[in-house]
Amino acid sequence: MSRPFYITTTLPYVNDKPHVGHALEFVQADALARSRRLRDDEVFFNTGTDEHGQKIYDKAVKEGRDVKEYVDFYAERFTALKEKLNLSYDAFIRTTDEKHIQAAQEIWKRCEAAGDIYKKNYKTKYCVGCELEKTDSELVEGKCPIHLNLELQIVDEENYFFKLSKYKDALLAYLAGDVVTPLARKNDAINFVNGDGFQDFSISRLKEKMSWGIPVPGDESQVMYVWFDALTNYISTLDWPNESADSNFTKYWMNGETLQVAGKDQVRMQSIMWQAMLLSANVPPTQHVFYHGFITSGGQKMSKSLGNVLDPFDYAEEFGIDAVRYFFLRHVHPFEDSDFTRERFVESYNAGLANGLGNLASRVMKMAEEHLTEPVVVAEKEDFTDYFALLDAFKFNEASDLIWQKIAECDALIQESQPFKVVKDDAEKGRALIADLAVRLYTIGRMLNPLMPSTSQIIKDAVKANKKPENMFSRREA
RNA sequence: CGCGGGGUAGAGCAGUAGUAGCUCGCCAGGCUCAUAACCUGGAGGUCGCGGGUGCGAAUCCCGCCCCCGCAACCA
């Protein structure tokens, strides 16, 4: 039943170091990828970095750095996450990669061939903060409501446009399907398509004003708009436009299941612009996009001035990678904003990991090590239907709860059947009870694989070796 | 009429129609294999307010009240 499964995060824009939001998205995507591999699906897990655009160009210039050197510097901060978060991605695409540049130019040509790109002299207001055009109806007191401190740029030049308006009906038909989770985001998308903001958009800039972009095919005076370029990464990473039968593109995008993971502010780009580009280029749209919520701190958006910015990598350092993954997956709501504070983190760490999982592993394996003469026989194949169904629905929290229910069951079972006592009077019966617990622990270990891969391995190894593991999660004070 | 999120036990949260749940804290008991961990029981909730639909509503509909976010970074 092996089937190809493609999953991708959005590409972080490399104008700063990775933060908690990136960490959340990567960990969620990683859990999904691992859960598919656990089912023997063939997985292609993509991530990477978005490296073009005016904002990056401006910042590099401002810091007096060569732009390429600047993006290299930040791209490295993101590739380092593979180790820091124990990610299992298969590809890391950079939009400055040669194969990506060629793919971006190719999709441009396809859209152009479809008659969807035209040149227009236009004048508009542009927010560099969003890297988006703004219509007057979107403005508050003449400024972008999201970036009130930035003056809008007045763009007055001849640019290329993409005929988004042509795809109104096609997009509505697409959005009517099961293509967006959660429902609130699907409604956002439909409302946008039906609203005033749904208009053709500029997809190029005059090179003389903004040189840091991919050249427009056939017009050396223009470079591509950053979004038009960046979105193409989802297929350039699959070596598109190589559409041969044995290409990754054919295997995963044409014949596989495709899934994008994105933040809840990405609806307009991922489910509208990008899908319209694909329709224009005659490439199938993404089958599903999952939009996660944001992480707040102390009930407020993290901000440097409030001093409530939490660095997940500090926590990974202090508590271990799996503790951070545990928090993100079990105690962060998949769709809504969630609060992340040290108090909450330590509380859930102590309750779920030290007292719960870690303690159970210790008590079971201590008995097993002492009383079993050899490791229990364990199976690699079990029925995790409910568990996988929850993961497939992006309900990482509820999926986790299933595992912790099993942990609680084991604790209660030990209390009731008292194998530590029984084994003294009736060795055979006691050993049977202990063996059963070891098997249960192994199952818990297997289920943990997508969420906490290292911990999963430690538990499985301990059961197989019939040896009590070192304390995995020691209690912490707040 | 800005946009969005939210109001469920002392605190923090889950729960989109069918006997109100989780974590922490508190009280009482138990166990001793284990990381002062674990188990059982208990106290504690008009699920913001008022209407409506339903056999049945925290959950759906209408109205109202209150709280939070909407420089920069940005998922």
Side-chain angles (χ1 to χ4, degrees), chain A residues 9-13 15-29 55 59 129-130 137-141 143-150 182-184 188 191 261-266 270 291-296 298-306 309 330-333 335-339 341 343-344 346-371 395 397-398 401 404-405 407-408 410-424 430 433-434 437 468-476 478:
Chain A
T9 66
T10 51
L11 298 197
Y13 203 55
N15 59 347
D16 207 344
K17 62 182 184 182
H19 60 69
V20 65
H22 301 121
L24 173 67
E25 183 167 317
F26 291 148
V27 167
Q28 288 175 329
K55 197 155 47 170
K59 196 165 174 189
C130 301
S137 63
E138 291 179 290
L139 303 181
V140 172
E141 292 171 7
K143 293 184 173 185
C144 167
I146 306 170
H147 301 95
L148 287 167
N149 66 320
L150 292 179
L183 200 55
D188 287 348
N191 289 340
V261 178
K264 67 176 187 179
D265 61 343
Q266 288 286 311
Q270 308 301 332
Y291 293 99
H292 61 253
F294 290 168
I295 290 177
T296 57
Q300 294 173 298
K301 198 168 177 176
M302 291 192 195
S303 80
K304 286 172 186 166
S305 56
L306 283 173
V309 175
R330 186 168 187 224
H331 295 288
V332 168
H333 192 105
F335 312 130
E336 313 269 349
D337 290 0
S338 297
D339 212 38
T341 60
E343 291 68 32
R344 229 190 133 200
V346 172
E347 181 185 311
S348 58
Y349 172 94
N350 281 335
L353 298 180
N355 300 350
L357 178 62
N359 183 55
L360 179 72
S362 290
R363 64 196 303 208
V364 169
M365 290 318 297
K366 179 66 190 294
M367 289 188 283
E369 184 179 299
E370 266 188 29
H371 300 292
K395 295 177 181 175
N397 51 349
E398 293 181 45
D401 287 345
W404 265 263
Q405 274 170 28
I407 292 170
C410 286
D411 276 327
L413 193 59
I414 293 170
Q415 182 63 34
E416 288 158 20
S417 63
Q418 304 198 310
F420 46 85
K421 188 181 285 180
V422 171
V423 78
K424 290 173 185 166
L433 291 171
I434 292 166
L437 286 164
K468 177 179 178 295
E470 292 299 309
N471 282 3
M472 290 179 279
F473 305 100
S474 49
R475 277 187 69 86
R476 305 298 175 90

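Numbered from 1 within each chain, the chains take letters A, B, ... in sequence-line order.
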Could you check whether A:Glu370 gets within reach of a base, just the sugar-phosphate, or nothing at all, counting any heavy atom under 4.0 Å? nothing
Base, sugar-phosphate alone, or nothing: which one does A:Met472 contact when heavy atoms must sit under 4.0 Å apart? base
Here the pair of heavy atoms bringing A:Ala361 nearest to A:Pro469 is O-CD, 4.4 Å
Assign A:Ser474 to base, sugar-phosphate, or nothing according to its heavy-atom contacts below 4.0 angstrom with the strands shown. base
Paired with B:rG2 by Watson-Crick or G-U wobble geometry, both distances under 3.5 Å: which nucleotide is it? B:rC70
Taking every heavy atom of A:Pro419 against every heavy atom of A:Leu437, the minimum-distance pair comes out as CG-CD1, 3.9 Å
Within the structure shown, what part of the strands sits under 4.0 Å from A:Gly21 by heavy-atom distance: base, sugar-phosphate, or nothing? base
Nearest listed nucleotide, side chain of A:Phe420, among B:rU23, B:rU35, B:rU32: B:rU32
Comparing nearest nucleotides in RNA chain B, the 5'-proximal residue of the pair A:Ala351, A:Val364 is A:Ala351
So, is A:Lys468 close to the B:rU35 phosphate, meaning a side-chain N or O under 4.0 Å from OP1 or OP2? yes
Can you tell me the pairing partner of B:rC26 across any strand shown, Watson-Crick or G-U wobble, with both distances under 3.5 angstrom? B:rG42
Side chain to side chain contact (heavy atoms under 4.5 Å, CB included) between A:Asp411 and A:Arg363: does it pass, once the steps are laid out? CA-CA 9 Å; A:Asp411 276 327; A:Arg363 64 196 303 208; 2.6 Å; yes
With a 4.0 Å limit, can you tell me whether A:Lys421 has a side-chain N or O closer than that to the phosphate oxygens OP1/OP2 of B:rU32? yes
Determine the contact category for A:Tyr291: base if any of its heavy atoms lies under 4.0 Å from a base atom, sugar-phosphate if only primed atoms, P, OP1 or OP2 are that close, otherwise nothing. nothing
Take the angle between the ring planes of A:His19 and A:His22 and call it parallel below 30°, perpendicular above 60°, tilted in between. tilted
I want to check one thing: is the phosphate of B:rA14, taken as OP1 and OP2, less than 4.0 Å away from some side-chain N or O of A:His333? yes
Distance below 4.0 Å between A:Lys424 side-chain N/O and B:rC33 OP1 or OP2: yes
Decide, for B:rG69, between syn and anti: a glycosidic angle within 90° of 0 counts as syn, anything else as anti. anti
Round to the nearest Å and state the distance from A:Asp265 atom CG to B:rG69 atom C1'. 14 Å
Which nucleotide wins on minimum distance to the side chain of A:His19, given the candidates B:rC33, B:rA75, B:rC24? B:rA75
Proximity to the side chain of A:Glu347 - top-ranked nucleotide from B:rC24, B:rC39, B:rA14: B:rC24
Heavy atoms from C-beta onward define the side chain here; which of B:rC39, B:rA75, B:rU35 lies closest to that of A:Leu24? B:rA75
Give none if B:rC13 has no partner; otherwise give the nucleotide forming a Watson-Crick or G-U wobble pair with it, both distances under 3.5 Å. B:rG21
Nearest of B:rC24, B:rA14, B:rA75 to any side-chain atom of A:Asn397? B:rA14
Please determine if A:Lys264 and A:Asp188 form a salt bridge, counting it only when a charged side-chain N lies under 4.0 Å from a carboxylate O. no
Regarding A:Lys17, tell me which of base, sugar-phosphate or nothing describes its non-hydrogen contacts under 4.0 Å with the strands shown. nothing
For residues A:Leu24 and A:Val20, determine if any side-chain heavy atom of one lies less than 4.5 Å from a side-chain heavy atom of the other. no
Round to the nearest Å and state the distance from A:Leu357 atom CG to B:rU23 atom C1'. 16 Å
Distance check needed: B:rC31 P versus A:Leu413 CG, whole Å only. 18 Å
Given B:rA75, B:rU23, B:rU35, which nucleotide is nearest the side-chain atoms of A:Asn471? B:rU35
So if I take every side-chain heavy atom of A:Ser362 and compare against B:rC39, B:rU35, B:rA75, which nucleotide ends up nearest? B:rU35
Round to a whole Å and report the spacing from CZ of A:Arg330 to P of B:rC24. 10 Å
Under 4.0 angstrom, heavy atoms only, what part of the nucleic acid is A:Asn359 near: base, sugar-phosphate, or nothing? base
Assign A:Ala262 to base, sugar-phosphate, or nothing according to its heavy-atom contacts below 4.0 angstrom with the strands shown. sugar-phosphate
Same-atom distance (P) from B:rU19 to B:rC33, integer angstrom: 41 Å
Quick one: which of A:Leu360, A:Leu353, A:Asn359 gives a side-chain contact (heavy atoms from CB on, under 4.5 Å) with A:Leu357? A:Leu353
C1' gap between B:rA14 and B:rG7, integer Å: 15 Å
Integer angstrom distance from the P of B:rC62 to that of B:rG4: 15 Å
Output the single nucleotide from B:rC73, B:rA34, B:rA75 whose closest atom is nearest the side chain of A:Lys55. B:rC73
How many Å lie between CD on A:Gln266 and P on B:rA75, as a whole number? 6 Å
Selection from B:rA34, B:rA75, B:rC33 that lies nearest to any side-chain heavy atom of A:Phe294: B:rA75
Side chain A:Glu336 and base B:rG6 donor-acceptor under 3.5 Å: no
Quick one: is A:Asn355 getting a side-chain N or O under 4.0 Å of the B:rC38 phosphate, OP1 or OP2? yes
Answer yes or no: does a side-chain N or O of A:Arg344 lie under 4.0 Å from OP1 or OP2 of B:rU23? no
What is the separation between atom CD on A:Gln415 and atom P on B:rC39, rounded to the nearest whole Å? 8 Å
Are OP1 or OP2 of B:rC33 and a side-chain N or O of A:Lys366 less than 4.0 angstrom apart? no
Closest nucleotide of RNA chain B for A:Ala354 versus for A:Ser338: which of these residues is on the 5' side? A:Ser338
Atom-pair distance (CG on A:Asp337; P on B:rC3), nearest Å: 18 Å
Report, as yes or no, whether the 6.0 Å neighbourhood of atom NZ on A:Lys468 holds more than 12 heavy atoms from other residues, nucleotides or ligands. yes
Evaluate the side-chain proximity of A:Val423 to A:Glu370: yes if any heavy-atom separation is below 4.5 Å, no if none is. no
Counting only Watson-Crick pairs (N1-N3 plus N6-O4 or O6-N4) and G-U wobbles (N1-O2, O6-N3), all under 3.5 Å, who is the partner of B:rC31? none
